[in-house]
Amino acid sequence: MTDYLDREQDKTFTKVYKQQTPDILEAFVRFDSAVFQPEDRAIPLKYRELIALAVGITTQCVYCIDGHSQRAVTAGATEVELAEASWVATAIRAGGGFAHGRLGFKFGADATPANHSVHHEHGQQGQG
């Protein structure tokens, strides 16, 4: 993963946002700061960081995984909590594949000839 992640060099490209869309960058920074402010939120920072880590793993964003795993540890997360957050992300991703896989059956039924029905319980066709 580190072939394309360069913590220091990659940050230099933020200048494009600063030059081209400073108003949007400023709004994003304010938003992100509000979401991850250390105090005065219902969900403690450590858990917000673990949520962010799990989302980063799910979206496969190496920058989010890098930043939020470090921030979670700084906020008090342990290795077992990082591991469990990773497993939660893995379960959600696998569950999404399972759930969306069912759409294949649903949409596949649209292509089934009218004189054939699909037997969902036994996976057999042509009974109808």
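Positions are given from 1 along the sequence.
Applying the side-chain hydrogen bond (donor to acceptor under 3.5 Å, both in side chains) test to pairs two or more places apart or on separate chains, none has a residue in residues 87-101.
Side-chain contact check for Leu50 versus Leu82: some heavy-atom pair is nearer than 4.5 Å. Side chains of Asp40 and Gln37 form a contact here, defined as non-hydrogen atoms less than 4.5 Å apart.
A donor-acceptor pair is defined here as one N or O able to donate and one able to accept, closer than 3.5 Å; such a pair exists between the side chain of Arg48 and the backbone of Val35. For the pair Thr78 (side chain) and Glu81 (backbone), a donor-acceptor distance under 3.5 Å is present. A donor-acceptor contact shorter than 3.5 Å is absent between the side chain of Arg71 and the backbone of Leu45. Judged by distance alone, with hydrogens and angles left aside, the side-chain atoms of Asp10 form a donor-acceptor pair with the main-chain N or O of Asp6 at under 3.5 Å.
Of all the heavy atoms in Thr12 and Lys15, the pair that sits closest is O-CG, 3.1 Å. The two atoms that bring Thr58 and Ala89 nearest to each other are OG1-CB, 3.4 Å, heavy atoms only. The shortest heavy-atom contact between Gly56 and Cys64 is CA-CB, 3.8 Å. Closest heavy-atom contact between Ala85 and Ala54: O-CB, 3.6 Å.
Atom CG of Leu103 has more than 12 heavy atoms from other residues, nucleotides or ligands within 6.0 Å. Remark: Phe36 CZ is packed, more than 12 non-hydrogen atoms of other residues, nucleotides or ligands lying under 6.0 Å away.
Annotation: ring-ring contact (aromatic ring centres under 6.0 Å, His included) contacts of Tyr17 (sequence neighbours excluded): none.
For the atom pair OG1 (Thr74) and NZ (Lys46), the distance works out to 12.5 Å, reported to the nearest 0.5 Å. Within the model, atoms OG of Ser86 and CG of Leu53 stand 5.0 Å from one another, a figure rounded to the nearest 0.5 Å. Note: Asp66 CG to Arg7 CZ = 4.0 Å, rounded to the nearest 0.5 Å. Within the model, atoms CZ of Arg30 and CG of Leu25 stand 10.0 Å from one another, a figure rounded to the nearest 0.5 Å.
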